[in-house]
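These notes concern the structure reproduced below.
Every number for a ligand or one of its atoms is a count from 1 in the order of the listing.
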Amino acid sequence: MTTSAPLQTTALPTGSQEDGSIELRQVRKVYGDVTAVDDLDLTVRPGEFVTLLGPSGSGKTTTMMMVAGFEDLTSGMVLINGQPVDRLPPKDRNLGVVFQSYALFPHMSARENVEFALRMRKVRPAERRQRAEEALDRVGLAKMGDRRPRQLSGGQQQRVALARALVFNPSALLLDEPMAALDKRLREQMQEEIKTIQRSLGISVLFVTHDQDEAMSMSDRIVVMRDGKIVQQGAPEDVYAHPVTDWVANFLGDTNLLPCTVMERSDDVAVVDLGELGVGRVRDRGAVGERYAVSIRPEHMAFIPAVRAENSASGRVVSSTNLGATLRHRLRAGGQDLMVRELSAGPRAPRDLDADVCVGWEQDEAQLLVLDS
Ligand SMILES: Nc1ncnc2c1ncn2[C@@H]1O[C@H](COP(=O)(O)OP(=O)(O)OP(=O)(O)O)[C@@H](O)[C@H]1O
Ligand SMILES: [Mg+2]
């Protein structure tokens with residue numbers, strides 16, 4: 001995909017209008033006494049890139065398997081292109097699927113692996129070959145069609161799997177941790193390439209990752225899952241900036257979570273008791289007397305010359321590390337661990353260990369979160 005060849009799509013003849021939408025209605029999967037997916041409602045709109053993000057065991061793969069047709073639903077309904085698919089076998093759902101293990105056939109060349117998807121769909125040999133070549137070209141492997149999987153790197157095998165998923169012009173792509181086996185640089189390259197392909201084809205994608213940065217950079221919408229349920233969904237920047245609970249805040253990036261009790265409220269501002277850290281003021285909801293956590297991202301905490309009446313803390317430096325582009329400082333303040341992150345531009349340098357410091361934050365950067373950890 002370092003080539004700039006125009007992307008061609010020769011659609012397979014289909015009888016229906018395929019907008020690439022995916023809809024799950026009250027989808028449930030129970031294995032014995034484990035509810036892997038718990039009455040999930042989820043829609044992927046045409047052309048949208050939606051990422052399922054959640055801890056191990058939260059039901060992401062099970063969800064993908066039910067959409068792909070590899071697992072039956074315990075109850076509920078899946079619609080693809082607006083049509084119920086419960087009676088359709090996987091190959092008739094017209095979804096391009098890449099799972100973590102690429103599952104290429106070792107005895108077939110890259111091209112034959114890609115062609116296989118067309119053979120299953122009864123495309124004639126001459127057309128198969130041409131379309132496999134086009135798909136390999138699209139993923140930057142034009143010259144490698146004759147190689148067997150073991151003669152390809154992990155990243156190249158991953159691209160063959162992607163070419164195989166794209167070659168029959170699927171309505172949508174299901175990608176379950178497709179880059180988990182790749183190192184960081186290759187992974188970032190593949191992320192950009194998948195985005196480029198997705199945008200140029202205008203194809204809908206349901207994606208699964210463990211990697212928050214990957215989810216943040218690739219998705220139109222992030223769906224945060226926990227115990228088979230959706231706990232929050234929205235644009236990446238919204239979920240990051242406005243997590244609904246302390247659990248989501250913690251799961252999606254580093255944050256400082258300060259336990260608090262709301263003392264008073266006026267309009268949309270709450271004054272909170274932060275215990276040894278004094279008093280805070282947050283622009284948010286919250287009920288007087290109730291316990292919450294104030295969340296402040298490490299990049300929103302800054303060193304200040306002296307403590308203020310509100311929204312600040314004094315403490316001691318526990319560690320201070322230059323990470324290249326940023327500095328990360330860990331502090332102990334009022335019986336709590338805090339983290340401060342700064343860009344390492346200009347005169348900023350690691351702080352001395354045990355130095356006494358003060359930090360503060362802006363009211364608008366503090367979020368009052370429901371406790372759910
Ligand atoms: N075939 C199965 N039989 C019994 N339990 C299963 C089966 N497949 C999945 N589970 C259980 O269902 C739950 C959800 O599993 P799933 O594979 O969907 O999680 P996941 O979110 O994909 O996790 P990971 O991030 O580790 O891939 C887990 O508790 C898992 O143990
Ligand atoms: Mg999984």
Hydrophobic clustering (ILVMFWY, side-chain heavy atoms < 4.5 Å, transitive) - are [Y] and [X] grouped together?
X: Val223; Y: Leu53; value: no
X: Phe70; Y: Phe116; value: no
X: Val114; Y: Met120; value: no

Next item on the list: Could you pull out the N/O/S protein atoms under 2.8 Å of the Mg ion (ligand 2), ignoring any water?
Entry: Thr61 OG1
Would [X] count as being in polar contact with ligand 1, using the rule that some N or O on each side must be under 3.5 angstrom apart?
X: Ser56; answer: yes
X: Gly54; answer: no
X: Thr62; answer: yes

Next item on the list: Evaluate the ring planes of Phe49 and Phe207, with Trp represented by its six-membered ring, and classify them as parallel (under 30°), tilted (30 to 60°) or perpendicular (over 60°).
Entry: tilted
Counting non-hydrogen protein atoms only, what is the nearest one to [atom]? Give residue, atom name and distance.
atom: atom 27 (O) of ligand 1; value: Thr61 OG1, 3.9 Å
atom: atom 1 (N) of ligand 1; value: Tyr31 CE2, 3.5 Å
atom: atom 23 (O) of ligand 1; value: Gly57 N, 2.8 Å
atom: atom 12 (O) of ligand 1; value: Ala36 CB, 3.2 Å
atom: atom 25 (O) of ligand 1; value: Lys60 NZ, 2.7 Å

Is there side-chain contact between [X] and [Y], with heavy atoms separated by less than 4.5 Å?
X: Asn169; Y: Arg131; result: yes
X: Val269; Y: Gln363; result: yes
X: Ile304; Y: Val359; result: no

Next item on the list: Go through ligand 1 atom by atom and flag the ones less than 4.0 Å from a non-hydrogen atom of Gly59.
Entry: 14 (C), 18 (O), 19 (O), 20 (P), 21 (O)
Check: Does a sphere of radius 6.0 Å around CD in Glu362 hold more than 12 heavy atoms from other residues, nucleotides or ligands, not counting ones at 6.0 Å or beyond?
Finding: no
Check: Could any protein non-hydrogen atom be found less than 4.0 Å from atom 31 (O) of ligand 1?
Finding: no
Do [X] and [Y] pair up side chain to side chain, a donor and an acceptor below 3.5 Å, judged on atom types alone?
X: Ser109; Y: Asp146; answer: no
X: Glu342; Y: His329; answer: yes
X: Thr326; Y: Ser344; answer: no
X: Glu18; Y: Asn94; answer: yes

Check: Which bit of Met225 is near ligand 1, meaning a heavy atom under 4.0 Å away: side chain, backbone, both or neither?
Finding: neither
Next item on the list: Heavy-atom distances under 4.0 Å are what count here, so tell me which part of Val34 touches ligand 1: side chain, backbone, both or neither.
Entry: side chain
